[in-house]
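Here is the structure we will look at, set down as structure tokens.
Atoms considered below: every heavy atom in the structure, side chains included; atoms not considered: hydrogens, waters and symmetry mates. In the text below, chain A, chain B and the rest are named by the order of the sequence lines, each starting its count at 1. This is a predicted model, so every value here is computed, not measured.
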Amino acid sequence: MHDIRYIRENPDEFDTLLRRRGFVSSVDDIIALDQKRRSAQTEMQNLQQSRNDISQKIGEIKKAGGDAEKLMTEVADLKAKLIEAEKIEKNIDAELNAILELIPNLPHPGIPDGHDEAANRLEREVGKKPLIESPKEHFDLGEALGLMDFETAAQMAGSRFVILKGMLARLDRALGNFMLDLHCAEFGYIEAVAPVLVREQALFGTGQLPKFADDLYKTEADHWLIPTAEVPLTNFVAGKVLNASDLPLRLTAWTPCFRSEAGAAGKDTRGMLRQHQFSKVELVSVVHPDESDMELERMTACAEEVLKRLGLAYRVMTLCTGDIGFSATKTYDLEVWLPGQNSFREVSSCSSCRCFQARRLNARFKSPGQKGTSFVHTLNGSGLAVGRTLIAILENYQNPDGSITIPGVLQPYLNGITKIEKD
RNA sequence: GGAGAGAUGGCAGAGUGGUUGAAUGCACCGGUCUUGAAAACCGGCAUAGGGUUAAACCUAUCGGGGGUUCGAAUCCCCCUCUCUCCGCCA
């Protein structure tokens, strides 16, 4: 959500920046509406003032035992006008909000222009791609091991679900534990267990609603299933006024995520790359406005460290203006190398939202000696998507006989087992 | 799920229709006093919006929303949350 005062004072800049990300705003309409809103508000407040004055006098007269009939009739006429003025003000306010709610965040000055992912900028490529002769894709490997079952999953739940069994299920759990341990023990994140069913308000706060309802699942009890733990973790600070000393606040959680994949029909239909349900270790930082640019680098480094320790080759992309998400001002994607696909695929997306989510959430902080409050900055990133990391391990650590070598850092999580084989 | 009680400023806690944005205490900030500190005393101390060069000033806010009324923290309705008892339950 944008600051209406910023728009009012910098309409051209606002418009230009939104155009950069392919969003054509109607700044003139917004400014006009804002102007209308403020005069309606002044009108309403003037009437309220008159009413309050007269009511006060009535009170005084009645207290003194006098007759206030004259004032009572005087205020009746005023009342009708006031009700009308309040209605007008409310409508304009709602109209303006409806527009503002749908406007995405402004792009960070440091990101490239572009319409789609083709314009994303390569920052660096890290690690060595393994030399594998005719590498197999993860689903062939998993099915051959008898530990990955799409058919049975489809019978009970439909397409885009999977069952992992035995060592693959354990590998999944090992990955989640490894990631959480790393982020908590070495990077200072606080681990959290949080709701995966949330209210509409929570999703509004992080920016998924009202615009992207089609991508989400909703229960009959009017709960929504989270598409990412960014939602509950960022909502930790919703409506709060934090002390400056509480910042930075770094949270992590390993949760299931649910996405309808409404716009992805026909995309990645084979395998477990794109599922309706997947698990992810999420990182969220709530920081002082001066720190958010640095925090994005830090957070990305935390996610990268997972890939480094797993010995997976990856590259870092800065998303272009046309590819960043609704709430983001700047995003780094981490793309892991998948030999079976012969391509890099996203395993993490780290974004700074600056104060965009904080405004929607009303998440503020207070500094000692400073009057008033300021909005915090929020960031979120995957550290990492567990299912996709599992895919990367299968494809990168596959052996000619179809077995999978376990990366060293995961072995302690698997009782020292070094290899997954068909039994 | 059923029955009941409650939600007031950073905290505690008054306030059941009239100048109450809200007593009082604590905490906090400034001052007097003191070599310094404590105590005592004096003063200050919410948020958001409008307005202004800046002020003054105005409006709203006592969990959230709606209603009654000339006037609502106070009355009515809905929602959320907390607590107690009962039921169910991992």
In whole Å, measure the gap between the [atom1] atoms of [N] and [M] for me.
N     : M     : atom1 : result
B/A39 : B/G31 : P     : 16 Å
B/A12 : B/A7  : P     : 13 Å
B/A56 : B/G51 : C1'   : 10 Å
B/C29 : B/U82 : C1'   : 33 Å
B/A73 : B/U61 : C1'   : 11 Å
B/G13 : B/U24 : C1'   : 8 Å
B/C28 : B/U34 : P     : 24 Å
B/G10 : B/G64 : P     : 13 Å

Who pairs with [X] by side-chain contact (heavy atoms from CB on, under 4.5 Å), at least two apart in sequence or on another chain?
X        : answer
A/Asp172 : A/Leu164, A/Trp254, A/Ser279, A/Val386, A/Leu390
A/Lys81  : A/Leu47, A/Asp77
A/Asn243 : A/Ser245, A/Asp246
A/Lys87  : A/Glu84, A/Asn91

For A/Arg364 and for A/Arg8, locate the closest nucleotide of RNA chain B by heavy-atom distance; then report the residue assigned to the nucleotide nearer the 5' terminus. A/Arg364
Of A/Glu60 and A/Thr42, the one whose closest nucleotide on RNA chain B sits nearer the 5' end is A/Glu60
Phosphate oxygens OP1/OP2 of B/C58: is one of them under 4.0 Å from a side-chain N or O of A/Arg38? no
Hey, is the side chain of A/Ser39 poking within less than 4.0 Å of OP1 or OP2 on B/G50, counting only N and O atoms? no
What does the B/S/- profile of nucleotides 59-80 of chain B look like, 5' to 3', with a 4.0 Å heavy-atom cutoff to protein? BS-----S---BS--------S
Least distance between heavy atoms, A/Asn105 atom then A/Arg21 atom: O-NH1, 2.9 Å
Between A/Gln357 and A/Thr206, the two heavy atoms sitting closest are NE2-O, 2.9 Å
Between A/Phe150 and A/His138, how do the two ring planes meet: parallel, tilted or perpendicular, split at 30° and 60°? perpendicular
Sub-3.5 Å pairs of nitrogen or oxygen atoms, protein against nucleotides 87-90 of chain B:
none

Stem regions touching RNA chain B, defined by at least 3 consecutive Watson-Crick or wobble G-U pairs below 3.5 angstrom: B:1-7 with B:80-86, B:10-12 with B:24-26, B:28-32 with B:40-44, B:46-50 with B:57-61, B:63-67 with B:75-79
List the residues meeting side chain to side chain donor-acceptor pair (under 3.5 Å) with [X], not counting sequence neighbours, and say none if there are none.
X        : answer
A/Ser403 : A/Asn399, A/Asp401
A/His108 : A/Asp293, A/Arg354
A/Thr255 : none

Could you name each residue pair satisfying ring pair (Phe, Tyr, Trp, His ring centres under 6.0 Å) that touches residues 280-304 of chain A, not counting sequence neighbours? A/His288-A/Phe365
Run the side-chain donor-acceptor check on residues 179-196 of chain A: report pairs under 3.5 Å with partners two or more places apart or on a different chain.
from     : atom 1 : to       : atom 2 : distance (Å)
A/Asp181 : OD2    : A/Tyr413 : OH     : 2.6
A/His183 : NE2    : A/Gly383 : O      : 2.7
A/Glu186 : OE1    : A/Arg309 : NH2    : 2.7
A/Glu186 : OE2    : A/Arg309 : NH1    : 2.8

Quickly work out the A/Lys366 NZ to B/G9 P distance and round it to whole Å. 15 Å
Can you tell me the distance, in whole Å, between the CZ atom of A/Phe375 and the P atom of B/A48? 8 Å
